[in-house]
Amino acid sequence: MSSRQAYLTQHQPQFIADLQDFVSLPSISSLPEHASDMATAAQWLAQRLERIGFENVEQVPTATHPVVYADWLHAADKPTILLYGHYDVQPADPVELWHSPPFVPEVREGRLYGRGASDNKGNLLAALIGLEAMLQVEGKLPVNVKLFLEGEEEVGSPHSLPLLAQERDRFACDICVNADGIQYAPDQPTILYSFRGMASFQVDVQGAKSDLHSGIYGGAIANPLHALASIVASFHNADGGIAVEDFYTAVAEMDPEERSRLARAPYDEMQYLADLGLDTVFGEPGYSTNERTWRRPTLEINGMWGGFQGKGTKTVLPNAAHAKVSCRLVAHQNPQRILEAIKAHVRRIAPPGVRVTVTPGVGKADPYLLPLSHPGVQILADSYRELYATDPIYIGSGGTIPVTAAMLDQLGVYSLVFGFCTRDEQIHAPNEFFRLSSFARAQEAYGVLLHKLAHADNLRQ
């Protein structure tokens, strides 16, 4: 056992108590009544960083919750790493489904239960403890480290991420290490190298100035619901491909090596369908289910409404109909260009007799793709082999983490996702938990990764 591992083992009871303390703070960024709890969580982190030995600890203000910054910059001629994490959490509702209070963290059978235990407080604190162990045992860090710990991730980072552009010198680095990541299973290391972006919009179809009697006016004027149905149906081909012109133009296609790596990720279609209560999958032809959800774009109708919704019958011809739509995007699609392509498509196919508008939604984010040829990918793979004694698998994420694309756009650096929660840990759901075995492994992992990054070349490629 190394001196660093001995330090971590010796102090593990205190680290678990610290995690319980951190998770007990209801730092819910989406609810204004928890603003003081957000401030307390930011202060908790700042004090912890000072105790660890970081310098220039500062709570950088935003319009809502601060970004906690700190640095340790004494590794001459070594790379500079920007460590990312977030201290805000999702609401705990529905509270009645929790087996223990969500903000009274409880350890049961090797797991710590509480809102934020896995996403992202357990992962984040483990990273900081890993840095602490190196400073305490080795007296230094193998690389230069800066911290970007935000309080808005769960609401899309609207005020945190602009700081990257506003203060490029402060956050300048060679690569980002993102602690907000996931492993496929507790003993299956995973390289998560892509996130889909987002573009959302609403389609509004306006007909007559009011609802009308369907007997008197039906067949004489356009029905907005019929028009909306034809519009949304035109978004896809019968086989599941997207029919909007130029939608796929910028898509970064997968090469055979990438497809081969993705194919090694565990997938049981029968179990997948059984879990969903379905009898078949459906989607863009020529791609596997994992490829469709991780590396192909989508256009999904999230909601439609208009006309009479009550019980019984009302023979009305509605004057308006509406649909909410979201697109998940892949590299190198641009959300604004996608919205323009959709607007042009709707203008071309909108039927006569109605007025159709397409309004952008608030959900907009760029996709992210870490090239598998990037030197950081091999460093991740080597680190995981040392930690798990097995090869990692490669996966993408169908969801969106805006900070990864923002780091690349604003700072010119890629992000290595290095988190240790797993898919079954009830993230965003009742009874969220973090395995204490993963908590301990993550602490050791940061020592392994940072020592390997210290010898890396061309991390900014």
Side-chain angles (χ1 to χ4, degrees), residues 82 84 156-157 161-162 164-165 168 173-176 178 180-181 191-201 235-237 240-263 283-288 290-300 325-345 358 360-377 380 394-417 458-461:
L82 182 61
Y84 170 85
S157 310
L161 297 189
L164 295 171
R168 283 192 176 91
C173 60
D174 294 294
I175 200 163
C176 171
N178 189 320
D180 190 19
I191 293 178
L192 176 55
Y193 68 98
S194 70
F195 296 96
R196 292 197 291 191
M198 168 80 80
S200 64
F201 60 95
F235 288 152
H236 294 84
N237 300 315
I242 297 170
V244 175
E245 186 177 340
D246 293 330
F247 191 90
Y248 292 110
T249 300
V251 169
E253 294 290 344
M254 295 174 285
D255 60 29
E257 179 186 358
E258 181 182 3
R259 298 190 77 173
S260 175
R261 292 193 189 194
L262 288 180
E284 185 184 1
Y287 299 94
S288 70
N290 282 342
E291 289 173 342
R292 288 171 182 159
T293 56
W294 294 341
R295 290 287 284 111
R296 298 299 295 172
T298 66
L299 190 160
E300 297 293 338
V325 188
S326 65
C327 303
R328 297 288 179 167
L329 310 178
V330 299
H332 300 283
Q333 289 180 300
N334 176 278
Q336 187 58 42
R337 293 197 189 106
I338 291 298
L339 288 172
E340 292 304 319
I342 288 167
K343 287 181 179 179
H345 174 87
V358 176
V362 295
K364 186 169 73 171
D366 289 323
Y368 172 76
L369 176 67
L370 172 65
L372 293 178
S373 60
H374 189 279
V377 174
L380 280 178
Y394 294 77
I395 68 171
S397 172
T400 304
I401 296 187
V403 68
T404 52
M407 294 281 187
L408 185 57
D409 182 52
Q410 301 299 334
L411 302 180
V413 299
Y414 284 101
S415 295
L416 305 180
V417 180
N458 301 319
L459 289 174
R460 291 184 64 91
Q461 75 172 33

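Note: hydrogens, waters and symmetry copies are ignored here, and every other heavy atom, side chains too, is used.
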Quick check: closest heavy atoms across Gly181 and Val417, and the distance to 0.1 Å?
CA-CG1, 3.4 Å
I need the Leu339 CG to Arg337 CZ distance, nearest 0.5 Å.
12.0 Å
Flag, side chain of Gln333 to backbone of Phe247, donor-acceptor distance under 3.5 Å
yes
Main-chain N/O of Leu299 paired with His236 side-chain donor or acceptor, under 3.5 Å
yes
Arg328 side-chain N/O to Gly399 backbone N/O, donor-acceptor pair under 3.5 Å:
no
Which atom of Glu291 lies closest to which atom of Gly286, heavy atoms considered:
OE1-O, 4.4 Å
Taking every non-hydrogen atom, the tightest pair across Ser157 and Pro162
O-CD, 4.1 Å
Would you say that Val251 contacts Pro297 through its side chain, given a criterion of any heavy-atom pair below 4.5 Å between the two side chains?
yes
Could you check whether the rings of Tyr394 and Tyr193 sit parallel, tilted or perpendicular, using 30° and 60° as the cut-offs?
perpendicular
Going through the checks in order, is the side chain to side chain contact (heavy atoms under 4.5 Å, CB included) test met by Asp366 and Tyr368?
CA-CA 7 Å; Asp366 289 323; Tyr368 172 76; over 6 Å; no
Separation between CZ (Arg168) and CD (Gln410), nearest 0.5 Å, reads 5.0 Å
Tell me if a side-chain donor or acceptor on Arg196 pairs with a main-chain N or O of Val330 at a distance below 3.5 Å.
no
Compare every heavy atom of Ser397 with every heavy atom of Leu192, then report the nearest pair and how far apart it is.
CD1-N, 3.6 Å
Determine whether more than 12 heavy atoms belonging to other residues, nucleotides or ligands lie under 6.0 Å from atom CZ of Arg261.
yes
Without swapping roles, check the side chain of Arg292 against the backbone of Glu284 for a donor-acceptor pair under 3.5 Å.
yes
The reported gap from CD1 in Ile401 to CG in Asn178 (rounded to nearest 0.5 angstrom) is 6.0 Å
According to the interplanar angle, ranging from 0 to 90°, do the rings of Phe235 and His345 count as parallel (below 30°), tilted (30 to 60°) or perpendicular (above 60°)?
tilted
Please report the shortest heavy-atom distance between Leu369 and Tyr414, naming the atom on each side.
O-CE2, 3.4 Å
Spacing of CG belonging to Leu408 relative to CG belonging to Leu370, to within rounding of 0.5 Å
9.5 Å
Flag, side chain of Arg295 to backbone of Ala331, donor-acceptor distance under 3.5 Å:
no
Search all heavy atoms of Ala406 against all heavy atoms of Leu164 and return the closest pair with its distance.
CB-CD1, 4.0 Å
Are any of the side-chain heavy atoms of Leu161 and Pro402 separated by less than 4.5 Å?
yes
Under the criterion side chain to side chain contact (heavy atoms under 4.5 Å, CB included), I'd like the reasoning laid out for Ile395 against Asn290: C-alpha separation, chi angles, the key distance, then a yes or no.
CA-CA 8 Å; Ile395 68 171; Asn290 282 342; over 6 Å; no
Could you give the distance from OG (Ser194) to CD (Glu258), rounded to the nearest 0.5 Å?
7.0 Å
CZ (Phe195) and OG (Ser415) are apart, to the nearest 0.5 Å, by 8.5 Å
